[in-house]
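Counting starts at 1 for both ligands and their atoms, following the listed order.
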Amino acid sequence: MGAARFVIVFSMIFVTGGAGFIGSNFVLDWLAAGGEPVLNLDRLTYAGNLANLAALQGDARHVFVRGDIGDAPLLARLLAEHRPRAIVHFAAESHVDRSIRGAGEFVETNIVGTFRLLEAARGYLASLPESARAAFRFLHVSTDEVYGSLAPLAPAFTERHPYEPNSPYSASKAASDHLARAWHHTHGLPVVTTNCSNNYGPYQFPEKLIPLMIVGALAGQPLPVYGDGQQVRDWLYVKDHCSAIRRALESGQPGQTYNIGGGNEKTNLAIVHTVCDLLDELSPRADGQSYRAQITHVTDRPGHDRRYAIDARKIERELGWRPLETFDTGIRKTIAWYLANPAWVQGVQSGAYRDWVQKQYGAPTEARA
Ligand code: NAD
Ligand code: TYD
C-alpha cells in the first residue's frame, strides 16, 4: 500500500510554444494520433495564435496556459502539478528579419527562456523516482540555421557540421542548443535535439516567405524578393517535421542531435514562381495576368545566408523517419489551405502583423523599389 505513493502515472506531455506555427501543427497531429493530453504553455506573442487550435476548443486533452518560459516559478508549478513524461520545446522568437531589427526578445526567450526551462526540467527530474527519470525526455526543437551558410556545391549539413550561426536569430538558437547539450552532458538531463530546415504549411504566420507570398499575391500586393532571389533553402512540409519530432521523442537517444530535412533545395525565386503559378491555376487574377507580375526585387537582407541544405540520413537510418510529402504535394496542400481559410488569414493580418509589415517593408509603394 505504502509503495503506491511512489508510483508516478505519467499522463501528459508538456509543449512550449504550442500556439505558434509548428507547435500548433504538432499539438493537433499529436492528439489526432491518440497521443496523451497536452499541457501547452505559450506567451501568445504576435506569432502565437489560439485560432490555430480552434479545433481543440472544449477538448479536455488540451490544457492551455498563457505564460512565459522565462517564468521559473510558473514552470516549477506546472511541472509539479501536471507531471509530464516529456517536454517538447518549440517556444522561440523565430523570424530572422525581426532579429536583425532587434535581438533583445531573441536573447530573452531563445537563450534565457531555454535556460529557465532546462533548469525547471532538472529540478522536476530530481523529484521523480528512478524509473520515471529514465523515461523522461526533453526534446529541444532547433534549426539548421545554427550551421551557417553553405557554398553552392558544398555537401549538406550533417550533425557534425561546425556551428557557424550568422544572424541574431541563429546565434540565439545556437546558444540554446549549447545549453541543452551542456545540461545533458553535465546534469544528465535526457535531452534530444532536432535541427530542422525551413518549414511551410498551414498556420504559418505571413511574415515568412511562403505564406507572405500567398497572402500578398491574393491581396494584389508587391511580392518582395530579397536581392537576386538565388538563395537556397531546403523546404519541409510542417506535418513531416511533426512526425520526425514524434519519432525523435519516441526513440531518439538522449544526448544525440538529429537533422531533419525534406531534401527539397530550392531558390527563393523558384519558390515564389511556384506559388504564383499554383495561384494562377487555383485562384486566377481577375485581369487574367499572372501573379508573377507582382514580383519585385528589394534590398537584400543584411548578412543573408546563401544556402542551407540538410543531410537527414542519420534520422532515417537510426529512427526510420522519412518525409511523406514531396515539395510538389506539400506546396499544393499549403496553397489550398490558405485559399480555404480566408478568415484565419484576415485574423492574422490585423493589428501586430500590419504594424510589422509597415516597419519591415514601409508603405506598399516603397516595397516596389
Ligand atoms: P513561431 O514564431 O510561429 O511560434 C513561436 C511560438 O512561441 C509562438 O506561439 C509564441 O507565442 C511562442 N513564444 C514566444 N516567446 C515565448 C515565451 N517567452 N514563452 C512562451 N511562449 C513563447 O515559430 P515556429 O515557426 O512555429 O517555430 C517553432 C520552433 O521551431 C522554434 O524553436 C524555431 O526556432 C524552430 N524551427 C522553425 C523552423 C521554421 O521553418 N519555422 C525551422 C526549424 C526550426
Ligand atoms: P524566411 O521565411 O524568413 O526564413 P529564413 O530566413 O529563416 O530562411 O525566408 C526564407 C528565404 O526567403 C530567405 O532566404 C529570405 C527570403 N525572403 C524574401 O526573399 N522575401 C521576403 O519577404 C521574406 C520574408 C523572405
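- Distances below 4.0 Å separate heavy atoms of Thr45 from the following atoms of ligand 1: 10 (C), 11 (O), 14 (C), 15 (N).
- Judged by distance alone, the side chains of Asp97 and Tyr226 do bring a donor and an acceptor atom under 3.5 Å apart.
- Close approach to Glu207 involves these atoms of ligand 2, each under 4.0 Å from a residue heavy atom: 24 (C).
- Between the side chain of Arg43 and the main chain of Gly67, no donor-acceptor pair closer than 3.5 Å is present.
- For atom 25 (O) of ligand 1, the nearest non-hydrogen atom of the protein is Phe21 CD2, 3.6 Å.
- Those atoms of ligand 2 that come under 4.0 Å of a heavy atom in Pro224, given as number and element, are 18 (C), 19 (O), 20 (N), 21 (C), 22 (O).
- By the 30° and 60° cut-offs, the orientation of the rings of Trp344 relative to Trp337 is perpendicular.
- At a 4.0 Å heavy-atom cut-off, ligand 1 does not touch Ser24 at all.
- Of the heavy atoms in Asn49, none comes closer than 4.0 Å to ligand 1.
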| query | Between Arg285 and Gln294, is a side chain to side chain donor-acceptor pair (under 3.5 Å) present by the stated rule, with each step listed? | reply | CA-CA 11 Å; Arg285 271 173 48 154; Gln294 290 165 232; 2.9 Å; yes
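- Remark: ligand 2 atoms within the under-4.0 Å shell around heavy atoms of Leu212 are 22 (O).
- Numbered from 1 in the order shown, with element, the atoms of ligand 1 that lie under 4.0 Å from a heavy atom of Cys196 read 42 (C), 43 (C).
- When only non-hydrogen protein atoms are considered, atom 34 (O) of ligand 1 lies nearest to Tyr169 OH, 2.7 Å.
- When the heavy atoms of Met213, Arg301, Glu145, Lys266 are ranked by distance to atom 6 (O) of ligand 2, first place goes to Arg301.
- Salt-bridge annotation for Glu105 and Arg98: absent, with no side-chain N of the basic residue lying under 4.0 Å from a carboxylate O of the acidic one.
- The distance from atom CG of Leu236 to atom CD1 of Ile310, rounded to the nearest 0.5 Å, is 9.5 Å.
- Atom NE2 of His187 has more than 12 heavy atoms from other residues, nucleotides or ligands within 6.0 Å.
- Counting only heavy atoms of the protein, atom 40 (O) of ligand 1 lies nearest to Asn199 N, 2.8 Å.
- Checking each of Asn195, Asn110, Thr193 against Asp177 for a side-chain hydrogen bond (donor to acceptor under 3.5 Å, both in side chains) leaves exactly one that passes, namely Asn195.
- Annotation: atom 20 (C) of ligand 1 to nearest protein heavy atom, Arg43 N, 3.2 Å.
- Counting heavy atoms of neighbouring residues, nucleotides and ligands inside a 6.0 Å radius, atom CD of Gln346 does not exceed 12 of them.
- The aromatic rings of Phe26 and Phe90 are tilted relative to each other, their planes meeting at an angle between 30° and 60°.
- Outside the 6.0 Å centre-distance limit, the rings of His95 and Phe205 are not counted as a close aromatic pair.
- The contact set between ligand 1 and Asn198, taken as ligand atoms under 4.0 Å from a residue heavy atom, comprises 40 (O).
- The closest side-chain heavy-atom distance from Ser127 to Arg83 is below 4.5 Å.
- Which of Ile245, Leu41, Asp42 comes nearest to atom 11 (O) of ligand 1 through a heavy atom is settled by distance: it is Asp42.
- If you look at Asp305 next to ligand 2, there are no close heavy atoms at all, none under 4.0 Å.
- Residue contacts with ligand 1 for Phe106 are absent, since no atom lies close enough (heavy atoms, distance under 4.0 Å).
- Between atom NE2 of residue His273 and atom CE of residue Met213 there is a gap of 10.5 Å, rounded to the nearest 0.5 Å.
- In the vicinity of Val225, heavy-atom distances shorter than 4.0 Å reach the ligand 2 atoms 19 (O).
- Taking OG1 from Thr267 and CZ from Arg306, the interatomic distance works out to 9.5 Å, rounded to the nearest 0.5 Å.
- Rounding to the nearest 0.5 Å gives a distance of 5.5 Å between CG of Asn40 and CZ of Phe64.
- Side-chain N/O atoms of Tyr200 and Arg233 include no donor and acceptor closer than 3.5 Å.
- Remark: ligand 1 atoms within the under-4.0 Å shell around heavy atoms of Leu44 are 11 (O).
- The closest approach between any non-hydrogen atom of Gly18 and ligand 1 is not below 4.0 Å.
- Of the protein's heavy atoms, Ala92 O, 3.4 Å lies nearest to atom 5 (C) of ligand 1.
- Considering Ser142, Gly20, Ser94 only, the shortest heavy-atom separation from atom 2 (O) of ligand 1 involves Ser94.
- Counting heavy-atom neighbours within 6.0 Å of Arg181 CZ, excluding the residue itself, gives a total of 12 or less.
- Using a 4.0 Å cutoff on heavy atoms, Ala19 counts as a contact of ligand 1.
- Of the candidates His297, Gln231, His304, the one placing a heavy atom closest to atom 14 (O) of ligand 2 is His304.
- Nearest protein heavy-atom neighbour of atom 28 (C) of ligand 1: Phe90 O, 3.5 Å.
- Here Ile210 has no heavy atoms under 4.0 Å from ligand 2, in either its backbone or its side chain.
- When only interatomic distances are considered, the shortest N/O to N/O separation between Gln204 and ligand 1 does not fall below 3.5 Å.
- Here is the list of ligand 2 atoms found below 4.0 Å of a heavy atom in His95: 3 (O).
- To the nearest 0.5 Å, atoms OH (Tyr147) and CG (Asn259) are separated by 3.5 Å.
- When hydrogens are left out, the protein atom nearest atom 19 (N) of ligand 1 is Ile69 N, 3.0 Å; that is the closest non-hydrogen contact.
- Here is the list of ligand 1 atoms found below 4.0 Å of a heavy atom in Val141: 30 (O), 32 (O).
- Between the choices Tyr200, Tyr169, Tyr226, the shortest heavy-atom distance to atom 17 (N) of ligand 2 belongs to Tyr226.
- For Tyr308 and Glu145, the side-chain atoms include at least one donor-acceptor pair closer than 3.5 Å.
- Using a 4.0 Å cut-off between heavy atoms, Leu209 contacts ligand 2 through both its backbone and its side chain.
- Every atom of ligand 1 with a heavy atom of Ser197 under 4.0 Å away is listed here by number and element: 42 (C), 43 (C).
- In this structure, a donor-acceptor pair under 3.5 Å is absent between the side chains of Lys314 and Thr257.
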| task | Starting from the C-alpha separation in whole Å, work towards a yes-or-no answer on salt bridge (Lys or Arg N to Asp or Glu O under 4.0 Å) for Glu119 and Arg116. | result | CA-CA 5 Å; Glu119 279 294 81; Arg116 299 237 193 277; over 6 Å; no
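- Atoms of ligand 1 found under 4.0 Å from any heavy atom of Asp68 (numbered from 1 in listed order, with element): 17 (C), 18 (N), 19 (N).
- Listed by atom number, the atoms of ligand 1 under 4.0 Å from Gly67 heavy atoms are 19 (N), 20 (C).
- Here the shortest heavy-atom distance to atom 38 (C) of ligand 1, taken over Thr16, Asn40, Ile22, belongs to Ile22.
- Within the listing of ligand 2, atoms 2 (O) sit less than 4.0 angstrom from a heavy atom of Lys208.
- For Lys173, every heavy-atom contact with ligand 1 shorter than 4.0 Å involves the side chain, none the backbone.
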